[in-house]
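Each chain gets a letter, A, B and so on, in the order its sequence line appears, and its residues count up from 1.
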Protein chains: 2
Amino acid sequence: MNLIQVLHQIAPEILGIIEQRYAVLRVVYYKAPIGRRALAQELHLPERLIRNELEFLVDSGFVVKSSSGAALSAGGERILLQLSEYIRQMRGLSDLEQELGCRLNLKAVIIVPGNADHDPIVKQDLAKATARYLRRCIKDGDILAVSGGTTLAEVAKSFGQNGVQRNIMVVPARGGLGEDVELQANTIAARLAQGLGGSYRLLHAPDNVEPHLVDTILQEPSIREVVSLCRRAHVLLHGIGTAEEMARRRGLHDDHVMQLIVNGAVGEAFGYYFNDLGEVVYSTASVGIRMEDLAKIPLIVGVGGGKSKAWALLSVIRLGYCDVCITDEGAARKVIQILKSREEM
Amino acid sequence: MNLIQVLHQIAPEILGIIEQRYAVLRVVYYKAPIGRRALAQELHLPERLIRNELEFLVDSGFVVKSSSGAALSAGGERILLQLSEYIRQMRGLSDLEQELGCRLNLKAVIIVPGNADHDPIVKQDLAKATARYLRRCIKDGDILAVSGGTTLAEVAKSFGQNGVQRNIMVVPARGGLGEDVELQANTIAARLAQGLGGSYRLLHAPDNVEPHLVDTILQEPSIREVVSLCRRAHVLLHGIGTAEEMARRRGLHDDHVMQLIVNGAVGEAFGYYFNDLGEVVYSTASVGIRMEDLAKIPLIVGVGGGKSKAWALLSVIRLGYCDVCITDEGAARKVIQILKSREEM
DNA sequence: GTTGTCGGGACAAAAACGATCCCTCGGGGG
DNA sequence: CCCCCGAGGGATCGTTTTTGTCCCGACAAC
């Protein structure tokens with residue numbers, strides 16, 4: 001029995017204290033400089049309590065205050081990092097990771113605390129965790145294929161700049177999709193390449209294309225080349241989204257979206273829509289990576305958080321083409337719950 | 001940086017909570033069944049607080065209440081054991097053990113939390129730790145020699161009964177001394193033998209004997225045999241006392257005692273009185289083990305707690321004939337302090 | 001039977017908390 | 001250049017929780 005378990009039993013109230021203090025630190029870190037009131041609103045805690053916490057943190061030297069609000073000191077950032085590891089343990093996330101990995105046959109699972117549906121900061125944590133993982137597993141000479149979406153955009157943002165030039169090629173795994181340039185695979189590929197100190201290619205093609213045009217488009221040499229790189233990727237990083245979200249981003253009509261949902265579509269990946277058993281219920285023609293290419297990619301990393309994405313995660317993982325899953329506590333617990341309820345049936 | 005250090009920084013108040021809860025558990029364990037008021041008095045805490053603590057502990061199932069007071073449940077004893085290890089870590093006793101071991105060239109150091117001078121329960125903890133250590137290191141066929149004193153009496157008491165018969169011989173390392181039968185080496189040897197499941201011999205001789213009579217007494221076969229066993233002991237366990245305490249127990253006159261103290265005597269072992277540098281300043285003739293026999297004993301364990309015994313401990317250890325030291329936090333910190341102040345000089 | 005201590009109930013004092021105020025100040029936008 | 005917003009700090013005040021104390025009936029030991 002380790003210290004955390006003992007504490008759980010002998011002094012359960014302190015875990016709340018720690019989590020609260022951790023929550024404050026974390027928000028200050030991500031939102032610095034931030035004032036008491038904003039902090040209180042963010043954390044749904046009374047302002048006075050925030051004041052006490054801040055006072056303590058300032059006295060301890062973890063937080064510095066300026067006229068524009070509170071920010072973490074260097075020591076604060078250090079302690080936050082340390083603390084986050086123990087928070088994971090406290091919530092039993094290490095165990096949860098093991099359980100998920102075992103049940104779903106994954107090479108690795110990384111779970112960050114919280115629920116991205118309710119707390120936007122969790123998405124940033126997720127992104128940071130993904131960035132850390134990527135930095136660790138990408139080797140020189142690798143080709144990294146990336147998809148789009150808000151989560152991966154966050155990953156790219158959290159990457160920062162890496163001065164060291166490395167021989168890494170980042171390619172978008174899908175074409176252009178929807179409106180927001182920040183969420184495009186192209187944009188993300190470029191950002192990630194910067195962050196990793198590598199180079200990148202752009203895929204100048206729409207993702208959503210008339211089936212009979214796919215072959216024509218692929219004859220265009222610049223597109224062909226990128227797609228071919230993509231299919232030889234060593235690592236594929238893709239954001240996992242709900243079917244509905246993806247269908248809307250693709251600009252499908254409302255009734256078409258409804259149709260998908262009625263058919264049980266919960267997840268989407270590279271133009272294929274799955275039900276929660278991992279069966280394809282609909283597919284759109286797609287420039288970029290295709291299902292049959294996935295088998296050849298040594299490492300596929302799926303990223304997605306929030307309880308609402310649990311079914312999507314499950315469906316994508318069930319496909320068997322996901323080796324590493326990076327998600328959050330909300331989604332992970334829901335997935336486990338779904339799996340357990342299925343066992344009982 | 002481990003969890004405890006992180007907690008120290010991020011939430012120092014919780015260490016207090018833990019220590020307090022631990023203190024309650026410990027007292028309940030040693031004084032069961034005990035009531036709120038007695039508990040409050042013992043711990044110097046307000047009664048109401050004790051009530052809250054007890055309520056929590058009862059709800060958690062660690063404590064059971066009867067009409068005669070509170071007592072630990074099986075789960076409570078388990079958690080207390082677990083907790084004590086972490087308390088050691090919290091107070092940095094593991095580090096302290098290492099430091100002492102290193103500075104004084106000891107094979108092993110065991111330090112229990114607290115100060116036996118102020119809190120009698122610490123002596124019981126010390127005894128329990130000693131018992132645990134003995135159980136671990138005594139092998140079949142060993143001869144164990146023991147001295148007397150209050151601390152060792154406590155060790156014997158805490159040993160309990162061990163049903164398993166083993167081939168272990170316990171012999172007293174010194175003769176009879178003073179009045180109280182409970183503190184005699186003979187009594188303790190007998191008790192320890194029972195606890196260890198071994199056999200014992202008694203040394204029917206006074207410890208304090210006229211010098212010219214020593215040889216005569218040693219001619220008595222029953223005495224000779226025990227002393228000879230003693231000198232071939234594999235393990236020697238001796239309680240460390242202050243020179244003054246031992247001199248008084250030996251029944252020396254007040255002015256003689258004063259003389260000793262003026263001469264710098266701070267520690268005593270087997271009839272020899274040392275100053276704090278480990279030099280012999282006085283010796284009485286002694287039946288039983290002698291200084292020159294110590295070198296031949298493979299494992300010498302010294303036990304003693306309380307800040308007041310720091311100098312005695314230091315003097316005995318400085319002799320070089322102590323391999324393992326079992327003491328408490330109060331004494332250990334004082335010893336370190338003494339050593340450091342000497343370095344500065 | 002007396003006595004001491006047990007747990008539990010009750011209650012006032014005190015402290016902590018929570019929700020708002022107000023004031024001052026600095027920086028960015030008009 | 002000035003104004004205004006949001007920052008921190010301090011203060012108020014009713015409410016809730018915690019704390020300190022006392023008392024009571026019960027049980028066990030003497």
Is A/Glu329 reaching over with its side chain to a backbone N or O of A/Pro113, donor-acceptor style, under 3.5 angstrom?
no
Donor-acceptor pair, A/Arg36 side chain versus A/Arg48 backbone, under 3.5 Å?
no
In whole angstrom, give the distance that lies between atom NZ of A/Lys31 and atom P of D/dA7.
12 Å
Could one point to a donor on the side chain of B/Arg51 or the base of D/dG20 with an acceptor on the other under 3.5 Å away?
no
For atom CG of A/Leu49 and atom P of C/dA19, their distance in whole Å:
10 Å
What integer distance in Å separates A/Arg48:CZ from C/dA16:P?
10 Å
Is a donor-acceptor contact shorter than 3.5 angstrom present between the side chain of A/Arg36 and the base of D/dG6?
no
For atom CG of B/Leu54 and atom P of C/dG8, their distance in whole Å:
10 Å
Test item: side-chain donor near acceptor, A/Asp125 and A/Tyr30, under 3.5 Å:
yes
Donor-acceptor side-chain pairing of B/Glu154 and B/Gln124 below 3.5 angstrom:
no
Would you say B/Asn52 reaches D/dT18's phosphate, i.e. side-chain N/O to OP1/OP2 under 4.0 Å?
no
Distance check needed: D/dA26 P versus B/Arg37 CZ, whole Å only.
16 Å
From CD of B/Gln41 over to P of D/dG20, roughly how many Å is that when rounded to an integer?
16 Å
How many Å lie between CD on A/Glu47 and C1' on C/dC21, as a whole number?
11 Å
I need the CD-C1' distance between A/Glu55 and C/dA16, as an integer number of Å.
14 Å
At under 4.0 Å between heavy atoms, what does A/Ile34 touch on the DNA or RNA strands: base, sugar-phosphate, or nothing?
sugar-phosphate
